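A, B, ... follow the sequence lines: proteins, then strands. Residue 1 opens every chain. These numbers were taken from a predicted model, which means no experiment stands behind them.
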Amino acid sequence: MKRPVEGTILSVGRDAARAAQKSLDRGGDLSQLAEAVVAEAWAAVERSRDQMEVLREAGVVDAGGFGLAVILTAIAERVAGPGPGPVALKAEGGGGSGVARPTVVRPRGAAAAVAPEGGFGYCTEFALVGAQMEALEIRSRLGDEAEDDSALVVGEPGLMHVHVHTKEPWELLSRAAQLGKIERLKVEDMTAQHHEAQGRGAAPTVAPGLLPLAVVTVAQGEGFRELLLGLGAATVVEGGQSLNPSTEQILQGIEAAQATEVVLLPNNANLVLVAEQAAGICAREAAVVPSRNLPQGIAALLAFDPGSPLEVNRFRMERAMGGVHAIEVTRAVRDSQIGDRQVEAGALIGMLDGRLVSAGAEINQVVLAALGELPDGSVEVVTLYRGADVETEVGEELERAIRVRFPGLEVERHDGGQALYQFIISAE
Amino acid sequence: MTVRIVTDSTCDLPEGRRQVAGVVTVPLRLHFGDREFRDRVDLDDLQFLERLSSAKQPPRTSQPPPGDFEEVYRRLLVAPDDEVVSIHIAAALSGTVGSATVAAAAVDPERIHVVDSRTVSLGTGLQVLAAIELAEQGRSAPEIVAELASMPQRTGIICLLDTLHYLQLGGRIGKVQAMVGSVLSIKPIISLGEDGAVVPIGRVRSRAVGIRRLSELLVEHRPLARCGVLYVGDPADAERLLQDARGTFPGMDILLQHASPVIGSHCGPGTLAYCYLEARS
């Protein structure tokens, strides 16, 4: 941890911390510091693409660093932004060479409709000078609220910026005064802030739903849409080619389901975070079952029981998801590698549960190789969902090829109607 | 004073246990077209399945005539203080309890206690087993009947079907169809309610996943007092269910039984099921 590997969450964190220090040195206040931290974090994420062998090969940025930058963005918004309430981030489609950086979505109306009993407390900020100890030590000395996840204690021994929400700022301050000198103190009444925000825009009233519980899912392809509706999904949000609808679209899908409680199935690994954000800010009680592809989503939906409570469903659906493998056949958009094999952009590739495992000139070859990666006897049923631009005959051929190579398997064919993926295949 | 236990052929308590305890089993009647068979007397389970597979119409079952019960009750009441507890398939599903009640009234209503088990198959069997144990402890018939009263609501049967065909044939597809209604091939998991209702409780795509799901569903009912495995047709996968249950409930006496025609005709060959009795709270 002392010498972080370049291109990881640790190096992004270190670079962000250095930016924070620089800002402090320049005498910046908390919001300037926050801005500097966020800017540097994203720059560091972008740099990670070239810093690690495996990232360079795949042409992507470090996921951990990306995640940290997202968190820092949210914290910065919270700390320097308008006031209490959850922060929503929207993922932009990743286009061009820059990394897809989330933007902040200001929630319409007050997401927190009612102040908690005893109010929100006081937002208490100050610089603590002269306390020769690390942030962690200071946190523990300042008390429980400073150890809360929403509290910020950043800086270096001797100069720490502290930002804590507390019901008793006088207690916090008297403890801080034991440690060092308090400067640039700011204390704000958050309950008053909240009421002010409420006055500006009343929270939308939530009508009770027509259904107690429903599934809202994301898909692309007419076949998949019909299938999911037939299996009991209340609404299917059109995901577009890259299965990447906006938070807005997901929220609309949730409302359209007209249910008091909702289970969200994103069906795309990149969409899980956005789905969590949508679940967090929507007015309904919503839970995300983090399906990373359509086969997982279908397996989860099969386990859905509208008569059981939300949490029971969440547990069962996640468990059901774990029982299925997904093979996605598409064309490589960039050059990459499998082991020591080069794969050129434009080649047909097979992804097994999100991992690149096979490549070739023919669909059958790619699919059989991917199926071959699964342990013997672990699969009973293979379902082929044909893409929109693929001829029926190709599906028939693929089915035949699978039956020949794996005689024990049951093979089913359906029209998925999806773009981009020649075949999406579930193996269970 | 001896308490004797009587049941009917739908009871899926393994035969060995019944014989050892001197339980008398009165057969229902199975009708394939014009032909009538005494269940598990004239036609065993395998023969029943063979006929079922070629049947164009579902077989009918009917209750034993009261005369059959009368003959049994008279035979069993030897000493003046002997009693009979007669435990049967849910009255909602069959006229068997009605038939037994008529016979009991004719023979000796004071000493013959007819019990509607309000369940089927091994559910009924577990009540018979409880009665056997209580009789061995020297409890009286009224005491035994009182003990059995709390069992139906703690009993459940969860079945994995291989096909929807038999549910359809028997006209019980209703709710299951709605749940399944899909282009995908789906194996339903159903539970059998006390009124004979078929309640869909799950859907899976493969038998292997279904077997796993049955075990997961069984665990949700812990703590259990008793548990058993039922199957229709091939016993191979039933062994797996048995091993799974033994693993989850070490030390428990887990029963294994081929399911009677009352289950077989509705669910069909390939059906696998757990029957459980939840512990008293």
Exercise for the section: Count the heavy-atom pairs under 4.5 Å between each of V381(A), L302(A), I298(A), T383(A) and chain B, then report the option with the highest count. Expected result: L302(A)
Exercise for the section: Sort and list the pairs that fulfil side chain to side chain donor-acceptor pair (under 3.5 Å) and have at least one residue in residues 289-307 of chain A, not counting sequence neighbours. Expected result: N267(A)-S291(A), D305(A)-S308(A)
In terms of heavy-atom contacts, does [atom1] of [X] have more than 12 from other residues, nucleotides or ligands at under 6.0 Å?
| X | atom1 | answer |
| --- | --- | --- |
| E15(B) | CD | no |
| D376(A) | CG | no |
| D389(A) | CG | no |
| E393(A) | CD | yes |

Exercise for the section: Please check if the side chain of R203(B) supplies one atom and the backbone of L231(A) the other of a donor-acceptor pair under 3.5 Å. Expected result: yes
Exercise for the section: Without swapping roles, check the side chain of E428(A) against the backbone of R205(B) for a donor-acceptor pair under 3.5 Å. Expected result: no
Handout entry: Distance (rounded to the nearest 0.5 Å) between R213(B) CZ and R319(A) CZ
Key = 6.0 Å
Under 4.5 Å from any heavy atom of chain B - which part of [X]:
| X | value |
| --- | --- |
| A320(A) | both |
| Y385(A) | side chain |
| L229(A) | neither |

Problem - Proximal component of R207(B), with respect to chain A [non-hydrogen, under 4.5 Å] - result: both
Fill in the blank from the handout: Ordered numerically, the heavy-atom neighbours of chain B under 4.5 Å found in residues 401-415 of chain A are E412(A), H414(A)
